[in-house]
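Following: one structure in structure tokens, then a few remarks.
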Amino acid sequence: MEYNFRDIEKKWQAQWKASGAYKVSNDSPKPKFYVLDMFPYPSGVGLHVGHPLGYIASDIYSRFKRLKGFNVLHPMGYDAFGLPAEQYAIDHGVHPAVSTDQNISNFRRQLDNIGFCFDWDREFRTSDPKYYKWTQWIFLQLFHSFYNRITKKADHIDNLVKAFEKEGNAGHEIPHDKYQIAKTGKRVFSAAEWAGFTEKEQQDILMEYRLAYCGYGEVNWCEALGTVLANDEVVNGVSERGGYPVVKKKLRQWYLRITEYADRLLEGLDRIEFSESMKEMQTNWIGKSYGAEITFNIQGNSDKLTVYTTRPDTIFGVDFMVIAPEHALIKDITSSKQQQAVEEYVEYVQSRSERERMAEKKISGVFTGAYAINPFNGRQIPIWISEYVLAGYGTGAIMAVPCGDERDHKFANHFNIAITNIIGSEYDGKEANATKDAKLENSDFLNGMVMRNAMEVVIQKIEELGIGVRKVNYKMRDAAFSRQRYWGEPFPIKWQHGIAYPMAESELPLELPHVESYKPGPEGEGPLANIPAWTSRELETNTMPGYAGSSWYFLRYMDPQNDSEFCSRKASDYWGQVDLYIGGTEHAVGHLLYSRMWTKALFDLGFIGHDEPYKKLVNQGMIQGSSRFVYRIHGTNKYVSLGLKDQYATDAIHVDVNIVDGVELDVEAFKKWRSDYETAEFILEDGKYICGTEVEKMSKRLYNTVNPDDVVNKYGADTFRMYEMFLGPVEQSKPWETKGIEGTHRFLKKLWRLFYDETKGKVWNEDKATPAELKVLHKTIKKIEEDTERFSFNTGVSAFMVCVNELIELKCNKKEILESLLIILTPYAPHVSEELWHLLGNTTSILDAAFPKLNESYLVESSKEYPISVNGKLRTTIEISLDATQEEVEKIALGNEVVQKWMEGKPHKRVIFVKGKMVNVVV
RNA sequence: GCGCAUGUGGUGAAAUUGGUAGACACGUCAGACUUAGGAUCUGAUGCCGCGAGGUAUGGGGGUUCGAGUCCCUCCAUGCGCACCA
């Protein structure tokens, strides 16, 4: 009886499907555990061996938890809206729904091959109206909400209206700190004023508070293509396709007011298990900084200049001001003498793309001719313009302190501006020193103070004098939440007289209409603008972005068929947080931040009971490709083997890894691979053609992709699963080598032979296990338990190998041992485990077996072979009882002839003895 | 430039708290069985050396009886951010 993995795997996959083995109930007395993989986008090119890595890890963990007695939710579905499907539709005329459908069935077929324990009854796709009905519904909740800064929670907009009716907006400042009410030019209004506003005026104001709001924002507009492009479709200021110029264009956009959640998104990081680097990426993205806004008078002008600084303590070191070229003050303060120079500079800056400006390292700028006045000492401070100051951050203006800031220092040197030193010997005159620990000099009332401490003093003084305020700034912007595209969720919004009216929840879903053409609408609007039946209903023509559906999908899995709610409170209270989330790092600041924000909003509004979606995040590494090269001799169709290539002038050419066995090229397959190789000739070494290798990204273009279907077909799903894990730590990136898989395949065959021999047939028996055999088993149970729990699957696989090797050594074919081994192997290799489990006479599924209990008493040792060092160098080992005392060990060690030889007759200074570890004799 | 991560045999890697470096595999070499082997099994395999032994975890330095592991410094690679005031 052979290990016939193909039949075994097909058989059990069918059986598990038929018996509903992976169906998960929301009603269970067992403790829950929620394992989730990042939502896949079903791309048209299919899976390569790198894609399932995370799914295998999560699958093993899910099955492990199930054996440990948990009710495990491990679902899968599809993030099915997105640009590639729409692009494919434009190029090939296939409706996105059709191509997406095809991609999904292919994706599903590939996944099924590998034997995952997903509960497919919970599957959904974001493009299904049954699903996006609830995406639209959540959008409406966000639209109907504002962030109440007093309670620090999302709150219904009606409560805001009530407050306005009672006391105006005195208690609720407009979130955007530059917004002014069009009618009054002010930021504050009274109850009476509110009552006097028209509906449009009121709605415009409310829009400034809503968590989902509409505003105007810049998009990448490509006139030639007549469409809006995503950032990654723009390369070096031109469109990726066609290379047409791309300009920034202001279009009406929807946004999520994620900035209001900045602090809570930061604070929440302390309560979740993400890697440090992931937390840091999010922290950087949010970019919180503390400082002050200070307003300076301008000499001979009624205008004032407000700057944002994180270092108010350096106020006496300000030698000049720099404002962004877009700054509104420029035209008011520029002196007539500087007029021309300023105009020229501003024009120069405008002619440059954002990219060019960001890449620019050269210092440039121009003096406006105006002076600000330092409020503390009355000093005149020249106001300059330079592109290194960004209009979009802070106030678009800075106070420059060259002795403490590198860019300011370079600028001062470049334009010969005198530098004031406020930190004495800490500043060497050559380079800025950004220290906060220096004692201040030349700083009036701050003299002698340590900078760090002076900050608070200055801020208080500034506020006291009414010339500025304490200010916290964020790099993060509100998230753009609309796309001028077809293949996305429609907004449940109607526009009438310039007012956005939300649709009633009862009208949802607002279904995406069928279109014949995916051409953009007029003036940068999306394809929906071309449909009269749509525009006549005055419906919003933008659609939602890719991350809309993925911001809450983890909740839908809990209650996927619910028609009356996005997810019942009962279901979300039962499943709660995702206990383990596995996925790549590419979603570090996008999806992970947005879904965290949605969760917090839903929590605030009382729809769910937890405010962080993911308890623990594990980032899987990338599987890289291991490329193979052949070497073609210049100007010929002759190919020389790696070892001989230096004797010729050659070009390295990528060759399909699937026609190379290890490094040996299958020359016949090569000739058939492509027509121009048909006549290829080879210079071999030892009768073989040896290829060169290099680790690169796995990509079709480099001919180094390996399809999991092929691997599963050749070695089986169990081998594939174990090998993916055996490759190395999940978090780490590592290259795929198909050759190495034979080791894990051999392991499964060896395991099989513990039960059934090719010649003898059944070899397993029901004899009583010996202590040595029990020790091997329990050592493995312990190791597998620990390794699986800490996601160290690679060492787990090797522990199985060690176990099987040792059982073979012991000639152990005992059911008592093997049965337990099968259970702990089940998460890693479910098919073969189930098959052998049944061959041992079991009639129930191994998926529901109980994980064997570790019995430490089998592991106790009475003695150990101690390593004996002399002066820290290992010289020998001695078997010593574990009960031995320090004195006994010293006596044994010093009496040993090898030890004596290395002591060279010298007396010992001391003997270090660490029980159970080692002995070191110091001479 | 700043931040983070990682550097261990020919290759993927292991060493969980400072305690026998290289487990487990791939590859390679030798052998057994065999008509055959790309099946299976046995043995060897970091490097230098016939050997005793020496030497070895990116380089240099330090702490320690003892360092892959801790500290300092330099180098390389990968990732993220990139004029953020």
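Side chains included, hydrogens not; waters and symmetry mates left out as well; all remaining heavy atoms used. Lettering follows sequence order; numbering is per chain, from 1.
Taking 4.0 angstrom as the limit, Y393(A) places a side-chain polar atom (N or O) nearer than this to OP1 or OP2 of A85(B). Look at R407(A) and you won't find any side-chain N or O under 4.0 angstrom from OP1 or OP2 of C83(B). Within the structure, every side-chain polar atom (N or O) of Q732(A) is placed at least 4.0 Å from both OP1 and OP2 of G78(B).
For residues 467-478 of chain A, proximity to RNA chain B is found at K475(A), defined as any non-hydrogen atom under 4.0 angstrom from a strand atom.
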Which atom pairs link the protein and nucleotides 71-77 of chain B when you take only N or O atoms and keep those under 3.5 Å?
none

Using atom names, set out every protein N or O paired with an N or O of nucleotides 52-58 of chain B below 3.5 Å, distance rounded to 0.1 Å.
residue: G54(B); atom: OP1; partner: R875(A); partner atom: NH1; Å: 3.3
residue: G54(B); atom: OP2; partner: R875(A); partner atom: NH1; Å: 3.3

Considering only nitrogen or oxygen atoms on both sides, find all protein atoms under 3.5 Å from nucleotides 15-21 of chain B and state each distance.
residue: U16(B); atom: O4; partner: K783(A); partner atom: NZ; Å: 3.2
residue: U20(B); atom: O4; partner: E865(A); partner atom: O; Å: 3.4

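Residues satisfying the salt bridge (charged side-chain N to carboxylate O under 4.0 Å, His left out) criterion with R311(A), sequence neighbours excluded, are D313(A).
Using cut-offs of 30° and 60° on the angle between ring planes, the pair F793(A) and Y828(A) is perpendicular. Between W736(A) and F720(A), the two ring planes are tilted [angle within 30° to 60°]. Ring geometry for F726(A) versus Y723(A): interplanar angle of 30 to 60°, hence tilted. The aromatic rings of F320(A) and F411(A) lie parallel to each other, with less than 30° between the two planes, well short of the 60° mark. Between H745(A) and Y715(A), the ring planes are perpendicular. Angles over 60° get that label, and only those under 30° would be called parallel. Between Y756(A) and W752(A), the two ring planes are tilted [angle within 30° to 60°].
Nearest nucleotide to the S289(A) side chain, out of C24(B), A13(B), A85(B): A85(B). Out of G12(B), A25(B), G80(B), the shortest distance to the side chain of P735(A) is found at G12(B).
Nearest approach of Y866(A) to L882(A), heavy atoms of both residues: OH-CD2, 3.5 Å.
With V366(A) as the fixed residue, the side-chain contact (heavy atoms from CB on, under 4.5 Å) test singles out one of I385(A), V349(A), I330(A): I385(A).
The CD1-P distance, from I808(A) to C24(B), rounds to 13 Å in whole Å. If you measure from atom OH of Y715(A) to atom P of A25(B), you get 17 Å, rounded to the nearest angstrom.
Among the atoms of the strands shown, none is found under 4.0 Å from any heavy atom of D405(A).
With hydrogens and angles disregarded, no donor-acceptor distance shorter than 3.5 Å links the side chain of R721(A) to the backbone of I56(A). Using modelled atom types, no side-chain atom of D319(A) and backbone atom of I381(A) make a donor-acceptor pair closer than 3.5 Å.
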Q | Per-nucleotide protein contact string for nucleotides 26-41 of chain B, where B marks a base within reach and S marks sugar-phosphate only (heavy atoms under 4.0 Å, - for neither) | A | SS-----------SSS
